[in-house]
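Just so you know, ligand 1 is whichever comes first in the structure, and atom 1 is the first atom listed for that ligand. This chain uses plain numbering: 1 for the first residue, then up along the sequence.
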Amino acid sequence: MYRTWHHLLGACSGPAGDLHAADAPREMMSGPESVLFALARAVEQRDAKTAGHCERLAFISVALGVAIGLERKALVALYRGGYLHDVGKVGIPDSILFKPGKLTAREWVTMRSHPKRGEEICRPMKSLKPVLPIIRHHHERWNGTGYPDGLRGEQIPLLARIVQIADIYDSLTSQRPYKPAYKPPEALAVMAEETRRGWRDPRIFRLFAHLHQEVIGKMTGIDRGNHNLESMSASLLNLRKALSSESRQLMGQTNGYGRSAAAD
Ligand SMILES: [Fe+2]
């Protein structure tokens, strides 16, 4: 019986059924790391409308990683990246972060500094090294028009591409100062359009669409715990089997996400 999604993902994440991938980071956290995670929570709680965003993002990212068949170390990095990706927003003023209208060019420069700020905040923590590429590159675009480095295609670390897809889906389906919450089909349509425009990795988006159909779309609230974890676990494992050839191809072509994003 799975008590929480941590147990579900843990049980799905490796050959040993008792691996609780998402619990492990908390257990293994040092004092300074705990402070960083608390800081990430504080950033999230500056805006009541983004409550639960990090938790949902961590869930979707790890579930996508499980569906792709990533190893445990990468799943732990995804979990931590889900929480810490926007920690650099701690340095962005409220007047910019919560501005209901369009940002000026200068305000955009400040807003777009949050990935680098986040990386700088987390860099002193040696154990967070695998998470740094996620924090720095979660706003890059597949066609090279993103920031901060304008990386394109497979130059963008695989784990950053995964967290980006999860981030966009959760942002679209949540209410924000500048937009209402989209229904899941509307969010998927926006993501499909962005993928057509060349902004997203088409393979990761396709995998996410499968995951949504089999698992996420059946859930009524990741943070409310009122979903059937047993049937989701079965769906997730079936999905991983169904996607295995596509996943192998993805990981083969990305030539080792481990070197850039999940190395020690
Ligand atoms: Fe961000």
Any side-chain donor near an acceptor of the partner, Asp86 and His53, under 3.5 Å:
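Note: Asp86 and His53 side chains miss the donor-acceptor criterion.
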Can you tell whether the side chains of Lys116 and Glu120 come within less than 4.0 Å, N to carboxylate O?
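Looking at Lys116 and Glu120, the cut-off is not met.
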Residues Glu154 and Arg203 bridged, charged N to O under 4.0 Å
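A salt bridge is present here (some side-chain N lies under 4.0 Å from a carboxylate O).
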Examine all N, O or S atoms of Asp167, backbone included, and report whether one is under 2.8 Å from the Fe ion (ligand 1).
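Not a single backbone or side-chain N, O or S atom of Asp167 is under 2.8 Å from the Fe ion (ligand 1).
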N/O/S atom of His139 inside 2.8 Å of the Fe ion (ligand 1), strictly under:
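Looking at His139, which is the residue asked about, there is an N, O or S atom under 2.8 Å from the Fe ion (ligand 1).
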Of all the N, O or S atoms in Asp86, which one sits nearest to the Fe ion (ligand 1)?
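This turns out to be OD1.
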Atom CZ in Arg200, atom CD1 in Ile165: separation rounded to 0.5 Å?
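If we round to the nearest 0.5 Å, Arg200:CZ and Ile165:CD1 are 6.5 Å apart.
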